[in-house]
Amino acid sequence: MSIQSSVVFLPCSDIEATHRFYAEVMGLRLHQSQSGGLARIYDTGYGYWGFVEYKDGRPAALAGMTLSLNCESCEDVDRMHALVLSRGAPEVQPPRMHEKFAVYSSFVRDPDGRYVELQYIME
């Protein structure tokens with residue numbers, strides 16, 4: 001017995017807006033669509049993020065939630081940040097060194113208000 005991969009599932013308020021953001025803006029590959037498209041799983045390169053449009057009124061985003069994508073260098077953070085901004089991602093913070101951690105990162109927001117971080121871990 002072994003673990004093959006992992007998926008973190010998150011609720012969203014509008015699966016089509018979420019798909020446009022993660023596939024077209026962030027450039028993640030759609031790995032799988034389930035339940036007539038109400039659940040979609042995206043390949044982050046080292047795991048999967050799943051988003052599900054629930055119709056039961058649950059909140060789509062939790063305050064302070066951050067989804068991080070790791071880049072290979074500070075320059076890659078800069079390039080990816082510029083790319084996702086050019087595709088319409090709302091900027092929260094431009095690329096910079098983190099004050100508390102050895103991380104160079106930037107932040108944008110997804111359609112439900114979650115922070116999406118592009119980061120390079122220096123340690």
Side-chain angles (χ1 to χ4, degrees):
M1 180 173 129
S2 66
I3 295 172
Q4 179 182 5
S5 65
S6 67
V7 180
V8 174
F9 281 98
L10 302 162
C12 68
S13 59
D14 180 338
I15 195 67
E16 293 304 327
T18 299
H19 173 72
R20 283 189 299 276
F21 181 80
Y22 285 100
E24 298 172 17
V25 175
M26 298 306 299
L28 298 182
R29 184 180 66 81
L30 178 65
H31 174 71
Q32 188 176 54
S33 181
Q34 302 172 344
S35 300
L38 290 180
R40 299 186 191 173
I41 299 170
Y42 300 88
D43 186 345
T44 67
Y46 292 97
Y48 300 91
W49 292 345
F51 295 90
V52 182
E53 183 179 325
Y54 295 102
K55 301 292 186 181
D56 60 7
R58 73 183 71 186
L62 301 174
M65 177 179 282
T66 300
L67 301 174
S68 294
L69 295 167
N70 297 320
C71 297
E72 293 184 10
S73 67
C74 295
E75 294 79 19
D76 280 348
V77 170
D78 292 340
R79 283 190 285 275
M80 280 295 300
H81 184 78
L83 179 63
V84 301
L85 289 183
S86 75
R87 292 176 176 170
E91 184 178 56
V92 174
Q93 175 190 296
R96 66 176 179 85
M97 284 299 299
H98 203 283
E99 294 173 10
K100 295 181 183 178
F101 306 102
V103 173
Y104 181 80
S105 68
S106 68
F107 293 86
V108 297
R109 282 195 193 271
D110 81 359
D112 285 302
R114 283 180 280 263
Y115 291 114
V116 179
E117 178 182 33
L118 298 165
Q119 71 174 356
Y120 174 64
I121 301 171
M122 311 288 281
E123 297 180 336

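Here the structure is a predicted model, which is why all the values come from computation and not from measurement.
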Trace of the side-chain contact (heavy atoms from CB on, under 4.5 Å) decision for Glu16 with Glu53: CA-CA 9 Å; Glu16 293 304 327; Glu53 183 179 325; over 6 Å; no
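- For the atom pair OH of Tyr54 and SG of Cys12, the computed distance is 9.0 Å after rounding to the nearest 0.5 Å.
- Interatomic distance, OG of Ser73 versus CE of Met122, reported as 10.0 Å (0.5 Å rounding).
- When all heavy atoms are compared, the tightest approach of Ala17 to Pro111 is O-CG, 3.5 Å.
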If you look only at distance, which donor and acceptor atoms sit under 3.5 Å apart when one is on a side chain in residues 21-31 and the other is two or more places apart or in another chain?
unit_1 : atom_1 : unit_2 : atom_2 : d
Tyr22  : OH     : Asp110 : OD2    : 2.7
Arg29  : NH2    : Asp43  : OD2    : 3.1

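- The CD1 atom of Ile121 lies 15.0 Å from the OH atom of Tyr104; values are rounded to the nearest 0.5 Å.
- The distance from the CD atom of Gln119 to the CG atom of Asp76 is 13.0 Å, given to the nearest 0.5 Å.
- For the atom pair Arg96 CZ and Ser106 OG, the distance stands at 10.5 Å (nearest 0.5 Å).
- Considering only heavy atoms from C-beta on, Leu67 comes within 4.5 Å of Leu10 through its side chain.
- Residues passing the ring pair (Phe, Tyr, Trp, His ring centres under 6.0 Å) test with Phe101, sequence neighbours excluded: His98.
- A chain of hydrophobic side-chain contacts below 4.5 Å, direct or via other Ile, Leu, Val, Met, Phe, Trp or Tyr residues, connects Phe51 to Leu38.
- In this structure, Arg109 forms a cation-pi arrangement with Tyr115, its terminal cationic atom sitting closer than 6.0 Å to the ring centre and no more than 45° off the ring axis.
- Linking Ile, Leu, Val, Met, Phe, Trp and Tyr residues whenever their side-chain heavy atoms come within less than 4.5 Å leaves Val92 and Leu118 in two separate clusters.
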Evaluation steps, side-chain contact (heavy atoms from CB on, under 4.5 Å), between Phe9 and Ile41: CA-CA 8 Å; Phe9 281 98; Ile41 299 170; 3.8 Å; yes
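- Clustering ILVMFWY residues whenever any of their side-chain heavy atoms sit less than 4.5 angstrom apart, transitively, puts Val108 in the very cluster that holds Met80.
- Here NE2 of His19 is found 5.0 Å from OH of Tyr42. Values are rounded to the nearest 0.5 Å.
- Under the 4.5 Å side-chain contact rule for hydrophobic residues, Val103 and Val77 do not share a cluster.
- Pro95 and Asp78 get closest at one heavy-atom pair: CB-OD1, 3.2 Å.
- Tracing side-chain contacts under 4.5 Å through hydrophobic residues (I, L, V, M, F, W, Y), one never reaches Val52 starting from Val8; they form parts of separate clusters.
- Screening residues 83-92 for side chain to side chain donor-acceptor pair (under 3.5 Å), with sequence neighbours left out, gives His81-Glu91.
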Test log, rule side chain to side chain donor-acceptor pair (under 3.5 Å), inputs Ser68 and Glu117: CA-CA 4 Å; Ser68 294; Glu117 178 182 33; 2.5 Å; yes
